[in-house]
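Naming: A, B, ... by sequence-line order, numbering from 1 per chain.
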Amino acid sequence: MEAVTITLDGVEVSGYSGMTILDLARDSGVDIPTLCHDPHLNPTGACRLCLVEDDSSGALLASCVVPIRPGMVINTRSPRVIERRKVIVQFMLASHPDSCLVCDKGNRCQLRKLASEMGIGLLDFQRLPQSAAIQDVNPFIERDLSRCILCAKCIRADQELVVEGAIDYMDRGFTAKPATLGDVPLEESACTFCGTCVAMCPTGALMEKERSYHGTTTTTVDSICPFCGCGCSISLEVKDNKVVRVKPGTKSQVNRGTLCVRGSYGYDFVHSNERLTSPLIKVDGSFQEASWEQALGHISGEFKRIKEDHGASSLAILGSSKCTNEENYLLQRLARAVLGTNNIDNGSRLYNPATRFGLGQSIGFPSTTNTIDKIEDSEVIMVIGANPTASAPAVSYAIKRAVNHRNARLLLIDPRETGLAPFANLWLRPEVGTDVVLLNELCRVIIDEKLFDEEFVTRRTDNFEELVRSLKDNTPEYAQSITGISSEDIQLAAQLLAGAQRASIVYGNGITQHINGTDNVTALANLAMLNGNVGQRGGGIFALQRENNGLGACDMGTLPDFLPGYQSLDDDQVRKGFEEHWGVDLPAEAGLTAIEMIERAATGGVKGMLIVGENPVSGFPNPSAVRDALTSLDFLVTTDLFLTETAELATVVLPAASFAEKEGTFTNFEGRVQQIHKAVEPVGDSMPDWEIILQLASAMGQSMPYSTLQQVMTEIEDLVPLYQYLADADLKIEGLGRADLESERLRARRLFKGLFPSGFGRFSPVEYNQPVGQTDNGYPFTLVSGSILYQFGSGTRSLKASRLRRFWSESWLEINEDDAEYSGYGDGDVVRVISPIGEVTTTVRVTNALPKGLLFMPVSFPESPVNKLYGVNLDPRAKAPSFKPCAVRLERINPDG
Amino acid sequence: MAKVKKPTKAALKRINSIITRYSEQRWGLIPLLQEIQQVQGYIPPVVIPHIASAMRLFPSQVQGVITFYTQLYTEPQGKNVVRVCRGTACHVRGGKTILKLVKQELGVEEGETTSDYEYTLETVACIGVCALAPNIVINNSTHGHMNPKKVARLFEKEDGS
Ligand code: SF4
Ligand code: SF4
Ligand code: SF4
Ligand code: FES
């Protein structure tokens with residue numbers, strides 16, 4: 001980039017070409033007031049407040065839009081500039097309502113702040129008519145457009161960043177205002193309550209509703225959203241030991257000034273009055289409060305006894321994909337070094353292992369191969385088996401931005417009409433569970449038509465011949481008959497994908513949560529390698545992660561068959577390394593996976609369990625069997641924020657601290673390692689899980705040698721190759737200070753670096769097997785379950801977030817219009833959904849987003865636990881249960897019994 | 001006021017064929033809207049989402065454009081458009097009362113259309129014949145020096161009753 005030097009307020013300063021006057025001024029520490037400018041938005045020059053004077057021509061320029069030119073002489077504080085800015089603010093205040101004086105935005109209002117800085121009183125004006133406050137009944141956002149200064153930040157946030165298109169200007173002149181389509185309330189519009197516009201609005205026109213605190217906070221703490229695997233940066237505003245507001249964090253490469261409704265308005269579970277505040281011990285069937293000493297003493301006594309009587313393999317630990325990396329690291333050390341068993345797994349077993357195995361065997365790297373900004377750089381994006389508008393909103397924003405603003409083309413493969421459908425250039429709707437056939441056929445077309453990246457395939461991969469041979473017998477007719485997609489469309493898709501230099505493949509639980517999930521992922525990896533889309537600058541494979549630290553938990557070795565960093569248990573050398581470090585012998589035999597633990601508990605093989613921050617009773621398939629199994633344990637301990645369905649079965653329940661009450665790191669779906677920070681003191685006697693684990697180890701007489709969390713982090717860096725500090729050359733990020741660079745290094749250390757670690761990518765032929773859960777006469781519908789935007793996971797935390805809970809408090813069943821009409825169901829009808837395994841009751845929502853024969857139910861509502869319908873059908877390699885297709889029938893429940 | 005009639009199936013078909021012709025040409029939004037208005041007399045709100053998806057825009061954006069131009073309507077307009085001047089001169093000389101009277105006379109508010117689709121009532125900022133204030137413009141003819149009597153007569157005459 002070319003350097004450009006200008007004179008700014010009499011001082012020579014240099015920037016690079018393309019910078020605006022405002023950019024350079026801010027870089028040089030010169031303050032220019034702005035109202036309509038935001039670094040995340042395209043500048044529009046709407047408010048004119050940022051005026052500066054060009055000394056040579058005398059022109060007044062809007063500094064936020066005018067680029068610097070060599071030799072410019074700019075005065076940011078000339079009397080004309082000051083006077084003009086003052087007039088602008090006066091004009092704005094003239095059309096501002098009296099309620100300004102009592103407006104809750106208070107000192108956070110940028111207009112008010114500017115007025116007072118310029119010495120403008122609030123009441124010296126002739127007032128103009130204003131539009132009235134709007135009656136929105138949603139629990140999230142409040143609009144009072146009489147306070148709107150028409151800066152259009154909200155509109156740009158909505159259209160440029162989150163790309164929902166919920167609002168735009170309506171009318172012009174005096175009555176102009178940002179409005180929804182038809183000027184309806186937000187809840188009836190396309191708004192998803194992401195809160196991005198609220199965070200950007202400079203005045204009190206858009207505000208968070210139901211604020212727990214109305215004033216200005218002084219403490220803000222940077223952290224990471226505790227919900228999905230996107231790992232958005234958030235900034236917690238704190239007052240009197242309470243988190244009172246969450247705003248998008250600054251400088252994040254992941255969320256770029258946005259959040260979703262969960263991140264913006266879901267944080268108040270932290271202060272729910274249902275939080276556990278003291279350890280509980282069950283005495284005669286009811287819980288009694290206990291001291292930590294009593295509780296830990298009890299646990300260590302029981303664990304020791306069980307170990308002595310039945311051996312270490314009768315103990316098991318289920319770790320958490322929500323806890324930090326450090327906590328998961330300590331937990332697996334507790335299992336292996338203190339209890340002496342590899343029976344350790346974590347909650348991401350339900351969705352992640354197919355990726356680990358599928359990508360591991362193909363590309364030699366167990367997760368996402370590029371960063372989220374590369375999705376935006378793609379020419380073609382293929383989204384398959386993922387509904388990121390619900391499961392990974394920040395990723396959906398990136399995809400929509402790519403399509404709307406950068407001309408990327410979207411190939412959407414999903415039987416459901418998801419929120420991305422309107423953005424798709426080509427949308428294929430395969431029969432549920434036939435992805436392998438579709439992916440294989442895409443590969444075959446690409447090979448047949450010689451569209452693949454020959455150089456990449458020859459130089460970087462092996463086993464290509466094998467793949468070609470395995471696809472020889474595939475025919476377009478066969479693929480069409482199985483997937484239900486015409487061979488023309490498959491051909492179009494193949495050409496679209498192969499025609500792009502930079503293509504991204506984004507997939508989620510619709511790929512992994514199948515009995516053949518590993519095959520699905522492997523077939524995807526084949527496709528990506530054929531097109532040369534692995535390990536290059538643009539494009540890549542993007543495996544979405546349901547939870548904030550699903551990837552990190554696995555990285556840390558909270559797995560029965562791997563030591564931290566996926567280092568093999570079988571490798572004596574590796575094991576010895578850990579043994580030396582920890583000073584104990586480690587068990588070499590692989591342990592039990594999450595599902596196996598439960599099965600073994602039922603048959604008496606496992607007697608004692610520690611479950612950390614997971615709720616298998618409401619998340620695992622066949623919950624009544626899970627409940628029975630856990631009840632039959634000799635001894636169950638849980639740590640959690642709440643008395644969950646699982647905790648209720650425990651003998652001892654330990655109160656854990658939430659993400660806002662502790663330090664640590666999370667690893668997002670990209671592999672970015674990000675720090676969370678303590679914003680408030682843990683509620684009651686609760687403690688961060690890492691402290692609990694350390695105290696438990698001491699209580700068992702085998703203290704671990706850490707006195708600070710930093711020591712744990714350092715050990716992770718030392719022993720986990722993926723997390724080693726890499727002073728990377730690719731970290732030259734513009735505009736970052738030194739401290740930022742440090743944290744960027746931390747963030748980047750686990751990201752995919754270049755080509756296959758093993759040297760070669762390996763094609764693995766995949767065969768199609770008839771999926772389980774096929775419909776038959778008795779069960780004519782296929783049900784899939786999935787995430788929704790306004791709740792999260794099994795709902796343990798999100799249902800305690802008061803606003804999320806109120807917005808959508810109950811489960812529902814989506815059914816295609818024709819099916820509904822045929823069976824006579826209407827919206828709101830109460831039905832029983834019955835599978836061969838179980839049944840749940842819920843209400844009907846008729847939709848045209850589903851093809852005939854397909855039903856959809858959200859996870860997250862324990863009152864209608866959809867997991868009850870699923871039996872345990874494991875992917876043979878990933879040992880993860882299938883959660884996608886399930887054959888069901890419906891029965892109407894008569895309102896009068 | 002007139003209940004907004006739902007556009008007929010035939011009308012929707014006509015509109016859709018216009019939309020198809022402009023598909024995916026973002027620049028074509030204004031001519032497209034004009035053409036629909038020419039054919040249909042207004043742009044029915046129900047077609048906004050169709051227009052948006054054909055143009056690859058958001059419906060709210062299309063609405064933004066329609067409401068920006070005073071010549072584009074989202075409701076059927078009366079045969080005659082009555083514009084009462086709100087300019088300063090008219091205001092000073094009783095324009096407000098004239099507006100009130102016209103509203104009473106027609107039984108509609110600003111921006112509305114009578115149920116027989118005879119009249120649509122609008123206001124304008126200033127029409128430039130302040131010497132004749134207060135003014136009313138009906139279609140293309142200006143009526144100056146308005147007073148209550150003249151207002152009543154005007155609509156009697158126009159009504160033909
Ligand atoms: S509502 Fe707020 S952000 Fe939107 S235009 Fe008005 S002042 Fe700007
Ligand atoms: S909350 Fe989000 S979706 Fe809703 S209008 Fe604001 S930016 Fe758009
Ligand atoms: S996208 Fe995910 S990480 Fe970002 S705010 Fe929403 S739930 Fe949190
Ligand atoms: S900040 Fe530059 S015009 Fe508003």
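Scored by the side chain to side chain contact (heavy atoms under 4.5 Å, CB included) test, B/Thr8 finds B/Ala10, B/Ala11 as partners (sequence neighbours excluded).
Only the side chain of A/Val403 comes within contact range of chain B, judged by heavy atoms closer than 4.5 Å. Interface remark: A/Ala166 contributes backbone atoms only to the contact with chain B (heavy atom separation under 4.5 Å). Using a 4.5 Å cut-off between heavy atoms, B/Leu57 does not touch chain A at all.
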Counting distance alone, with no hydrogens or angles, which donor-acceptor pairs between chain B and chain A are under 3.5 Å?
| unit_1 | atom_1 | unit_2 | atom_2 | d |
| --- | --- | --- | --- | --- |
| B/Arg56 | NH2 | A/Ala424 | O | 3.0 |
| B/Ser60 | OG | A/Gly165 | O | 2.7 |
| B/Gln61 | NE2 | A/Gln159 | OE1 | 2.9 |
| B/Gln63 | OE1 | A/Gly182 | N | 2.5 |
| B/Gln63 | NE2 | A/Thr180 | O | 2.8 |
| B/Thr67 | OG1 | A/Asp171 | N | 2.8 |
| B/Phe68 | O | A/Arg172 | NE | 3.2 |

